[in-house]
Amino acid sequence: MKLIIEDEGISLLENKGQYYLQYDAGAHMIKKKRIEITNEEAELCQLDVEEMYNLILQYQNDGVYGEDVVE
């Protein structure tokens, strides 16, 4: 995965043309999650880093929390 940008613990990643937001979802311990986003959403994130946070909230409101990241 290639890191595009990172801001306040949220990373925009790219892998083979697919884009992902990775974030820490743990309250008392680190629990990284990764949500796949569209190319258009990735472009918005690059224009305004606040969009990364807004998109995570939007996906969570829709019941999408992403996959667990195992490193």
Side-chain angles (χ1 to χ4, degrees):
M1 295 244 173
K2 176 183 167 187
L3 176 65
I4 306 291
I5 54 173
E6 183 174 12
D7 186 63
E8 296 190 29
I10 303 173
S11 302
L12 174 61
L13 306 169
E14 185 270 332
N15 186 39
K16 300 177 184 173
Q18 302 289 15
Y19 292 91
Y20 303 88
L21 289 176
Q22 183 170 296
Y23 65 101
D24 181 8
H28 301 289
M29 63 182 203
I30 295 173
K31 182 177 183 179
K32 290 190 178 181
K33 294 283 205 173
R34 186 178 297 147
I35 297 172
E36 185 173 352
I37 63 173
T38 67
N39 293 359
E40 292 81 13
E41 291 169 332
E43 288 177 18
L44 285 174
C45 292
Q46 293 176 66
L47 295 173
D48 181 3
V49 292
E50 285 291 317
E51 280 302 313
M52 294 192 298
Y53 179 74
N54 293 335
L55 280 171
I56 289 171
L57 290 179
Q58 181 181 344
Y59 274 95
Q60 288 179 344
N61 285 339
D62 292 340
V64 177
Y65 297 92
E67 61 186 45
D68 291 336
V69 175
V70 180
E71 296 180 337

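Atom set for the values below is all heavy atoms of this structure, side chains included, hydrogens, waters and symmetry mates excluded. Treat the numbers as computed from the prediction; the structure is a model and nothing was measured.
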- Message: For residues 60-69, which residue pairs pass the salt bridge (Lys or Arg N to Asp or Glu O under 4.0 Å) check, not counting sequence neighbours?
- Response: K33-D68

- Task: Flag the pair L13 / I4 as yes when at least one side-chain heavy-atom distance between them is below 4.5 Å, and no otherwise.
- Result: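 Counting from C-beta outward, L13 and I4 never come under 4.5 Å.
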
- Under a 4.5 Å cut-off applied to non-hydrogen side-chain atoms, are E6 and L12 in contact?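 Side-chain contact under 4.5 Å: no.
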
- Query: Is L57 reachable from Y65 through a run of hydrophobic residues whose side-chain heavy atoms are each under 4.5 Å from the next?
  - Reply: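 Linked within one cluster.
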
- Query: Is it true that I10 and M1 fall in one hydrophobic cluster, defined by side-chain heavy atoms closer than 4.5 Å?
  - Reply: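 No, it is not one cluster - the side chains of I10 and M1 are not joined through contacts under 4.5 Å.
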
- Where at least one partner belongs to residues 12-24, residue pairs that pass side chain to side chain donor-acceptor pair (under 3.5 Å), sequence neighbours excluded: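 As it turns out, the side chain to side chain donor-acceptor pair (under 3.5 Å) pairs with a partner in residues 12-24, which skip direct neighbours, are Q22-R34, Y23-Q60.
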
Let me have the donor-acceptor pairs involving side chains of residues 35-49, under 3.5 Å, with sequence neighbours excluded, atom names and distances please.
residue	atom	partner	partner atom	Å
T38	OG1	E41	N	3.0
T38	OG1	E41	OE1	3.4
E41	OE1	T38	N	2.9
E41	OE1	Y59	OH	2.8
E41	OE2	Y59	OH	3.3
Q46	NE2	A42	O	3.4
D48	OD1	E50	N	3.1

